[in-house]
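Everything below concerns the one structure shown next.
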Amino acid sequence: MIYDQNNIFAKILRGEMPCEKLYEDDHTLAFMDIMPQADGHCLVIPKNPSTGLMDADPQVFASLFSTVQKIARAAQDGMQADGVTIMQFNGAAAGQTVFHLHVHILPRKDGVPLKAHSGQMEKSEIIKANAEKIRSAISS
Ligand code: AMP
């Protein structure tokens with residue numbers, strides 16, 4: 001599959017679409033998912049373009065997963081979660097809907113099932129409140 005420069009996450013990276021940003025460095029961006037499957041659901045993307053894992057430059061993985069770890073820790077602490085699920089989809093058949101490599105971070109509470117993937121839009125005030133909890137737990 002050819003990388004589409006106009007996918008939603010490419011537009012977010014170029015500042016052409018808004019996002020509720022959690023963290024950014026030279027190589028990665030973390031922001032809230034607008035259709036969360038769990039409270040505090042967020043995403044980490046590399047700035048380097050690839051549609052998914054298969055066509056990514058392996059050199060992006062160190063910085064990508066360094067940020068995944070940083071944000072997963074903050075999501076667990078900030079959301080007072082009991083655990084964190086990490087998900088990553090490749091191809092429409094696997095459930096991928098946005099074709100720029102991304103890693104899902106889902107704070108989990110004991111006994112609370114995940115909601116549907118790409119289901120319902122969350123109210124922006126709830127996303128902002130959860131983002132604030134996660135941001136305040138990010139360690140430098
Ligand atoms: P996937 O199905 O793995 O490609 O995941 C794409 C994710 O992006 C889904 O969880 C969507 O809810 C989420 N999403 C789609 N559009 C946006 C957006 N504009 N800002 C934040 N998250 C988004």
Side-chain angles (χ1 to χ4, degrees):
M1 176 186 270
I2 293 169
Y3 182 81
D4 175 7
Q5 297 286 350
N6 285 319
N7 74 74
I8 297 167
F9 295 168
K11 288 183 177 175
I12 287 174
L13 279 171
R14 290 197 297 268
E16 295 167 9
M17 290 230 349
C19 73
E20 186 61 43
K21 193 196 289 189
L22 297 171
Y23 172 83
E24 182 172 15
D25 61 24
D26 288 349
H27 303 292
T28 63
L29 175 69
F31 54 97
M32 299 302 286
D33 194 300
I34 53 170
M35 290 177 266
Q37 290 183 253
D39 291 343
H41 182 173
C42 52
L43 303 166
V44 180
I45 64 175
K47 292 187 174 178
N48 202 50
S50 70
T51 66
L53 186 83
M54 311 304 178
D55 58 334
D57 179 342
Q59 291 198 343
V60 309
F61 297 138
S63 55
L64 178 62
F65 276 86
S66 172
T67 300
V68 168
Q69 183 190 51
K70 181 186 276 282
I71 301 304
R73 284 174 172 161
Q76 173 154 276
D77 292 349
M79 298 304 298
Q80 299 187 307
D82 301 305
V84 176
T85 297
I86 304 293
M87 299 196 301
Q88 194 275 318
F89 303 128
N90 297 282
Q96 187 176 9
T97 57
V98 179
F99 293 89
H100 178 111
L101 174 60
H102 55 279
V103 178
H104 296 259
I105 296 174
L106 298 129
R108 305 298 302 276
K109 297 256 170 95
D110 284 333
V112 179
L114 287 182
K115 293 185 214 156
H117 183 57
S118 291
Q120 243 188 319
M121 291 269 286
E122 184 57 278
K123 292 190 190 92
S124 68
E125 58 264 34
I126 291 179
I127 290 189
K128 280 183 192 305
N130 287 338
E132 195 45 53
K133 289 180 192 169
I134 297 172
R135 277 193 292 263
S136 66
I138 294 175
S139 59
S140 47

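Source: prediction; values computed, not measured. Counting starts at 1 for both ligands and their atoms, following the listed order. When a residue number appears, it is its place in the shown sequence, counting from 1.
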Heavy atoms only: which of [options] lies closest to [atom]?
{"atom": "atom 15 (C) of ligand 1", "options": "M35, K11, Q37, H102", "answer": "M35"}
{"atom": "atom 8 (O) of ligand 1", "options": "F99, F89, F9", "answer": "F9"}
{"atom": "atom 20 (N) of ligand 1", "options": "I34, I127, L101", "answer": "I34"}

Test of understanding: with side-chain hydrogen bond (donor to acceptor under 3.5 Å, both in side chains), list the residues that count as partners of D82, not counting sequence neighbours. none
Any sub-3.5 Å donor-acceptor pair from [X]'s side-chain atoms to [Y]'s backbone N or O?
{"X": "R135", "Y": "G78", "answer": "no"}
{"X": "E20", "Y": "S124", "answer": "no"}
{"X": "D57", "Y": "V60", "answer": "no"}
{"X": "R108", "Y": "A38", "answer": "no"}

Write out the residue and atom name of the closest protein heavy atom to atom 7 (C) of ligand 1, then the distance separating them to 0.1 Å. D33 OD2, 3.5 Å
Tell me, which protein residue and heavy-atom name are nearest atom 4 (O) of ligand 1, and how many Å apart are they?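 Scanning the protein heavy atoms, the shortest distance from atom 4 (O) of ligand 1 goes to T97 N, 2.7 Å.
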With a cutoff of 4.0 Å, is G95 in contact with ligand 1, counting heavy atoms of the residue only? yes
Against ligand 1, does Q88 come closer than 4.0 Å with any heavy atom? no
For D39, what residues pass the side chain to side chain contact (heavy atoms under 4.5 Å, CB included) criterion, not counting sequence neighbours? M79, K115, N130
Is the shortest N/O to N/O distance between [X] and ligand 1 below 3.5 Å?
{"X": "V98", "answer": "yes"}
{"X": "H41", "answer": "no"}
{"X": "H117", "answer": "yes"}

For ligand 1, is any non-hydrogen atom under 4.0 Å from [X]'s backbone (N, CA, C, O), its side chain (CB onward), both, or neither?
{"X": "M87", "answer": "neither"}
{"X": "I8", "answer": "side chain"}
{"X": "M32", "answer": "backbone"}
{"X": "F31", "answer": "side chain"}

Can E125 and K128 be said to form a salt bridge (charged side-chain N to carboxylate O under 4.0 Å, His left out), step by step? CA-CA 5 Å; E125 58 264 34; K128 280 183 192 305; over 6 Å; no
Euclidean distance, D55 CG relative to Y3 OH, rounded to 0.5 Å: 10.0 Å
Check each atom of ligand 1 against the heavy atoms of L43 and keep those under 4.0 Å away; list them by number with element.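 Near L43, meaning under 4.0 Å from one of its heavy atoms, ligand 1 has 8 (O), 22 (N).
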Which of the atoms of ligand 1 are close to H104, meaning less than 4.0 Å from one of its heavy atoms? 1 (P), 3 (O), 5 (O), 7 (C), 10 (O)
Are M35 and M32 co-members of a hydrophobic cluster defined by side-chain heavy atoms under 4.5 Å apart? yes
Please work out whether the ring planes of H100 and F9 are parallel, tilted or perpendicular, with thresholds of 30° and 60°.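 Aromatic pair H100/F9 classed perpendicular.
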